Every structure is written in C-alpha cells, then in structure tokens.
Amino acid sequence: QVQLVESGGGLVQPGESLTLSCAASGSIFSITDMAWYRQAPGKQRELVARISAGGNLIYADSVKGRFTISRDNAKSTVFLLMNSLKPEDTAVYYCTADKLWVPGGVRHDQWGQGTQVTVSS
C-alpha cells in the first residue's frame with residue numbers, strides 16, 4: 001500500500017523558516033509530478049508549488065522568491081523550504097503525487113494527511 005507522509009510542520013514567528021518533507025512509502029518504481037497544496041481556515045485549497053520528475057517547477061505568485069520545492073527521486077521524497085514566513089502562510093499543507101508506478105500497476109492522485117503550519121508572533 002502506498003502512502004504519503006508529511007512532516008516538519010509547526011509554529012514559527014513571522015520571518016522565520018520551516019522545511020516540510022513528504023515521503024512516499026511502499027514499493028515504488030517512480031513518481032511523476034509532486035506538489036504541495038495548502039488550505040487555510042475558511043479558504044479553498046490552493047496550489048503552493050509543483051515539481052515534475054525532471055525538475056520543472058511551478059510556484060504560486062504568493063510564495064515566489066520565498067519558497068523552494070525540491071525532490072529526491074531515489075527516496076521518493078519531496079521537500080518545501082519556506083523562508084520569510086508570513087501570518088498569511090498559516091494553513092494545513094498537503095503533499096500530492098500525480099502518478100506512482102508500483103508493482104502491478106499505477107496509483108493516481110495520492111494525497112498526504114496534511115501538516116499544520118502556523119505563523120504567529
């Protein structure tokens with residue numbers, strides 16, 4: 001069974017940094033696009049950053065220049081380095097994987113359980 005497990009969330013002050021990690025567990029051959037989404041209270045879920053297997057990047061305008069997405073394909077892991085955090089970055093952050101090639105086939109559209117990030121003084 002394939003699972004995405006996030007870690008690294010927490011409470012930080014404005015201007016500080018935080019790194020989120022998301023590891024895909026199980027027997028996995030490869031993963032296509034991976035991404036981070038977030039959902040703040042009372043708001044819709046939004047894309048934060050996306051990275052393809054080849055390293056192509058997409059960022060939301062609100063995080064460009066502050067957040068960096070990266071991945072370790074050998075470890076089926078995606079990271080999100082968040083610098084200069086603002087109170088408006090407060091949300092539950094979710095990692096996703098579009099396609100995971102596993103023994104016997106492919107798994108589509110996998111999501112992690114989410115990790116809370118709170119930015120407050």
Side-chain angles (χ1 to χ4, degrees):
Q1 183 176 357
V2 173
Q3 285 186 319
L4 299 181
V5 180
E6 298 106 336
S7 61
L11 171 64
V12 296
Q13 295 188 345
E16 293 186 340
S17 299
L18 206 58
T19 299
L20 304 182
S21 301
C22 173
S25 64
S27 183
I28 300 169
F29 296 134
S30 64
I31 305 174
T32 58
D33 287 20
M34 301 186 79
W36 289 94
Y37 286 76
R38 67 186 180 186
Q39 187 166 22
K43 295 188 177 181
Q44 288 189 328
R45 191 172 295 183
E46 62 174 356
L47 174 68
V48 176
R50 173 179 290 273
I51 182 169
S52 71
N56 294 320
L57 308 175
I58 295 174
Y59 291 99
D61 288 342
S62 59
V63 306
K64 281 181 182 177
R66 299 189 298 123
F67 289 12
T68 302
I69 188 171
S70 61
R71 64 190 287 173
D72 183 336
N73 291 330
K75 296 182 179 180
S76 299
T77 301
V78 64
F79 305 94
L80 186 68
L81 169 60
M82 304 184 291
N83 293 323
S84 303
L85 282 161
K86 304 174 181 180
E88 50 264 44
D89 295 317
T90 295
V92 177
Y93 284 70
Y94 300 88
C95 74
T96 71
D98 283 2
K99 284 185 182 180
L100 301 94
W101 295 96
V102 300
V106 60
R107 299 289 181 267
H108 295 274
D109 197 27
Q110 298 292 304
W111 286 71
Q113 81 287 353
T115 185
Q116 177 70 46
V117 172
T118 303
V119 185
S120 175
S121 55

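Bear in mind that the values here come from a model prediction, so they are computed numbers and not experimental data.
Separation of atoms CG (Leu80) and OH (Tyr59) is listed at 7.5 Å; rounding is to 0.5 Å. To the nearest 0.5 Å, the span separating CE on Met34 from OG1 on Thr32 amounts to 9.0 Å. Rounding to the nearest 0.5 Å gives a distance of 5.0 Å between CD of Glu6 and SG of Cys22. If you take OG on Ser52 and CD1 on Ile58, they are separated by 8.5 Å, rounding to the nearest 0.5 Å. Rounding to the nearest 0.5 Å places CG of Leu47 at 14.5 Å from OH of Tyr94. With values rounded to the nearest 0.5 angstrom, Leu100 atom CG is found 4.5 Å from Ile31 atom CD1.
Remark: Glu88 CD is packed, more than 12 non-hydrogen atoms of other residues, nucleotides or ligands lying under 6.0 Å away.
Using a 4.5 Å heavy-atom threshold, the side chains of Asp89 and Val117 count as separate. Using a 4.5 Å heavy-atom threshold, the side chains of Met82 and Leu20 count as touching. Proximity of Leu11 to Ser120: side-chain heavy atoms (C-beta onward) are separated by under 4.5 Å at one or more points.
Across all non-hydrogen atoms, the minimal contact from Thr90 to Val119 is OG1-N, 2.9 Å. The two residues Ile69 and Ala35 come nearest to each other via the heavy atoms CD1-CA, 4.3 Å. For the pair Gly114 and Val92, the tightest heavy-atom approach, listed with the atom from each and the gap, is CA-CG1, 3.9 Å. Contact record, Arg66 with Leu85: NH1-CA, 3.9 Å, taken as the closest heavy-atom pair. Nearest approach of Ala40 to Ala91, heavy atoms of both residues: N-CB, 3.8 Å. Closest non-hydrogen pair, Ala24 versus Leu4, comes out as CB-CD2, 3.4 Å.
Every residue two or more places apart in sequence or in another chain that forms a side chain to side chain donor-acceptor pair (under 3.5 Å) with Thr118 is listed here: Gln116. Shown here are the side chain to side chain contact (heavy atoms under 4.5 Å, CB included) partners of Ala53, two or more places apart in sequence or in another chain: Arg71. Listed by chain and residue number, Ser17 satisfy the side chain to side chain donor-acceptor pair (under 3.5 Å) test with Asn83 (two or more places apart in sequence, or in another chain). With sequence neighbours excluded, no residue forms a side chain to side chain donor-acceptor pair (under 3.5 Å) with Glu16.
No path of Ile, Leu, Val, Met, Phe, Trp and Tyr side chains, each step under 4.5 Å between heavy atoms, connects Phe79 with Tyr93, placing them in separate hydrophobic clusters. Taking hydrophobic clusters as Ile, Leu, Val, Met, Phe, Trp and Tyr residues chained together by side-chain heavy-atom distances below 4.5 Å, Val2 does not share a cluster with Phe29. Following chains of ILVMFWY side-chain contacts shorter than 4.5 Å, one cannot reach Leu81 starting from Tyr37, and the two form parts of different hydrophobic clusters.
Screening residues 101-110 for side-chain hydrogen bond (donor to acceptor under 3.5 Å, both in side chains) gives Asp109-Trp111 as the qualifying pairs, with residues at least two apart or on separate chains. Sorted by first and then second residue, the salt bridge (charged side-chain N to carboxylate O under 4.0 Å, His left out) pairs involving residues 41-53 (not counting sequence neighbours) are Asp33-Arg50, Arg38-Glu46, Arg50-Asp98.
Look at Asp61 and Lys64 and you find a salt bridge, because one of the NZ, NE, NH1 or NH2 atoms lies within 4.0 Å of a carboxylate O, short of that distance.
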